[in-house]
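Note sheet for the following structure.
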Amino acid sequence: MKKNNAITPRETDMSKWYSEICLKAELMSYSKVKGFIVYRPYGYAIWEQIQAFLDKEFKATGHQNVYMPLLIPQSLLEMEKEHVEGFAPECAVVTKGGDKELDSPLYIRPTSETLFCDHFKDILSSYRDLPIKYNQWCSVVRWEKTTRPFLRGSEFLWQEGHTLHRTADEAKEETLKMLKIYNKMGKDILAIPFVMGRKTDKEKFAGALETYTIEALMPDGQALQSGTSHYFGQGFAEHYGISYLDDDNVLKTPHQTSWGVSTRLIGSIIMEHGDDNGLVLPPYVAPTQVVLIPIRPADNPEVMKKLKDIKESLESKGIRVLLDDSNKSPGWKYAEYEMKGVPLRIDLGPKDIQQNHCMYARRFDGKKDFWSLDDDIAQNVIEELKQINKGMYNKALKYLLEHTVEVHSFEELKDVIENGKGYAKMMWCGDRSCEDEIKNKLNATARCIPFDQEPFDDKCPICGKKAKQVVLFARAY
RNA sequence: CGGGGCAUGGCGCAGUUUGGUAGCGCGCUUGGUUUGGGACCAAGAGGUCGAGGGUUCGAAUCUCUCUGCCCCGACCA
């Protein structure tokens, strides 16, 4: 049969493949303003699943949601030097209110550190107020020159956690705790194995003492920074005058963190799992987890009756299920739900009724098999979704391991980077100059200093000096 | 910000070279027949040809200006 809605194969053109999935799986639409997209229901629902998971984790670890204003006065943004230098060049600025020119411009938040700091100054007075653990769900605006749906937009949706602590240790612990929640999210619901690690000084957040990251590896060998967690120390607090009286009656400065993930995660899901038939969604973020396809229902009333029973029993177990009773042909439906990445499909037709079974097909590996209609189908589905998530994770993990290559020389590094072989795992002296050289010559950056440090050499292949740590280099989105 | 491409119904395109009053495929609506890997017939709806100016009796088509989008690079979640 003809494929009248096929997409460009990933091998042919990854960029084209990616944007066609975004559009044809109905995740988003382009808007009239460059870099700003419409999050369509199917795409937004993925974000809602991610939100639901994280919101629960945040609250379970004692965080509260708040909402800060959209606009930042210039004076407030300028209070932390590194921070303003990092962000001001990519800010959108409001210069008029109504028809009147403003005395001082207002910045649309590119991130909300400054707003949180200003507020913290007001509400913190005693050690009894600490810790303060806030999170915000919102969108931010950064005037990007090059934009791609989900991966890089001028506006994106995210969450940003901002916390204050009495001790440095407690703040550091918070920073790592939140990073681990992100990593858990990868394994549990995104089916993406992240590499956790610390950013080099060159790559860390503007104003942070330490930045930690979760990095995903995409099928073209490029890395995608998927979430960050920062330890600020007391820098911001000092600049913004945040202080409290401790139990020894001494005025002290709290220790601060911030951490965030964004709708970029949707982009990483698309690239990590997608194939030439379209999107492949991991089951626990899929807006529809199971689609039911009736075959020849018109002259076989048993078919719809049975499917409605199945639908009800799935719903009663909290499974997100869609019964497509439209009069499109089954073939059309197969292709459609493959494009949309629905993890599991169940077909039921007269032949199945006769044989007292139904057919199921898994999206990610195409496995097809039958379940007896006497089975507890809901229980089977629950188990199958679990296996799918595990299978997708393991597949991605295998790719990650196979594409993390130890390099001992510049030539080997070059080979890995230029041929899209993935992460170049390298022993590094720790000098900025070597990092810069790699950036200049190969356009690759230090993605992170992974937590798993297993030294395999004793000198830096760039300068030949003594190596201090293992670093992963890659080109990045 | 450089380099390339594009702008004609919801989507994909033809028409532009050589000016003559807008067409095709998909999708959509209605009715009917269908349904095990993108069904078929019939009848319909839908377009100030990205915006503005100019040339002309007449502009999707020639011309000028502007705007937007996509892709590839340099910078960033």
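No hydrogens, no waters, no symmetry mates; every other heavy atom, side chains included, goes into these values. Chain letters run A, B, ... following the sequence lines, proteins first, then strands; residues in each count from 1. Keep in mind that what you see is a predicted model, and the values were worked out from it rather than measured.
Each of A:K145 and A:M359 lies near RNA chain B, and the nucleotide nearest A:K145 is the one positioned closer to the 5' end.
Under 3.5 Å, the side chain of A:N443 and the base of B:G73 form no donor-acceptor pair of N or O atoms. One cannot find a donor-acceptor pair under 3.5 Å joining the base of B:G37 and the side-chain atoms of A:S329. The base of B:G37 lies close enough to the side chain of A:K368 for a donor and an acceptor atom to sit less than 3.5 Å apart.
B:G68 sits 7 Å from B:G50 when the C1' atoms are compared, rounded to a whole Å. With both ends at atom C1', the span from B:G23 to B:G46 equals 14 Å, rounded to whole Å. Here the separation of B:C24 from B:A14, taken at their P atoms, is 16 Å to the nearest Å. Taking atom P in both B:A22 and B:C6, the straight-line distance is 26 Å, to the nearest Å. Separating the C1' atom of B:C49 from that of B:G12 is a span of 16 Å, rounded to the nearest Å. Look at the P atom in both B:U17 and B:A7: the space between them is 15 Å, to the nearest Å. Going from the C1' atom of B:G27 to that of B:G47 covers 16 Å, rounded to whole Å.
Of the candidates B:U35, B:C76, B:G36, B:G36 carries the atom nearest the A:Y334 side chain, counting heavy atoms from C-beta on. For A:R296, the side-chain atoms get nearest to B:U35 when compared with the rest of B:C72, B:G37, B:U35. Checked against B:G36, B:U35, B:C76, the side chain of A:P297 finds its nearest nucleotide in B:U35. When the nucleotides B:G73, B:C76, B:G36 are ranked by their closest atom to the side chain of A:T146, B:G73 comes out on top. You'll find that the side chain of A:E90 is closest to B:C76, out of B:G36, B:C71, B:C76. Side-chain proximity of A:T147 to B:C70, B:A39, B:U35: nearest is B:C70.
Under 4.0 Å is where a charged nitrogen must lie from a carboxylate oxygen, and between A:R152 and A:E144 at least one such pair does. Salt bridge annotation for A:K184-A:E57: present, with a cationic side-chain nitrogen under 4.0 angstrom from a carboxylate oxygen. Between A:D436 and A:K439 there is no salt bridge, since no side-chain N of the basic residue sits under 4.0 Å from a carboxylate O of the acidic one.
In this structure, A:K439 reaches the B:C75 phosphate: one of its side-chain N or O atoms is under 4.0 Å from OP1 or OP2. Residue A:K328 places at least one side-chain N or O closer than 4.0 Å to OP1 or OP2 of B:C28.
Summarising the geometry, the separation between CE on A:M14 and C1' on B:C70 is reported as 17 Å, rounded to the nearest angstrom. At whole-Å resolution of the value, CZ in A:R475 and C1' in B:C75 are 16 Å apart.
Base pairing of B:A39: its partner is B:U33, meeting the Watson-Crick or G-U wobble criterion (both donor-acceptor distances under 3.5 Å).
Under the salt bridge (Lys or Arg N to Asp or Glu O under 4.0 Å) test applied with A:D275, the options A:K395, A:R10, A:R363 reduce to a single match, A:R363.
Taking the six-membered ring where tryptophan is involved, the planes of A:H230 and A:F232 are essentially parallel, since the angle between them stays under 30° and well short of 60°.
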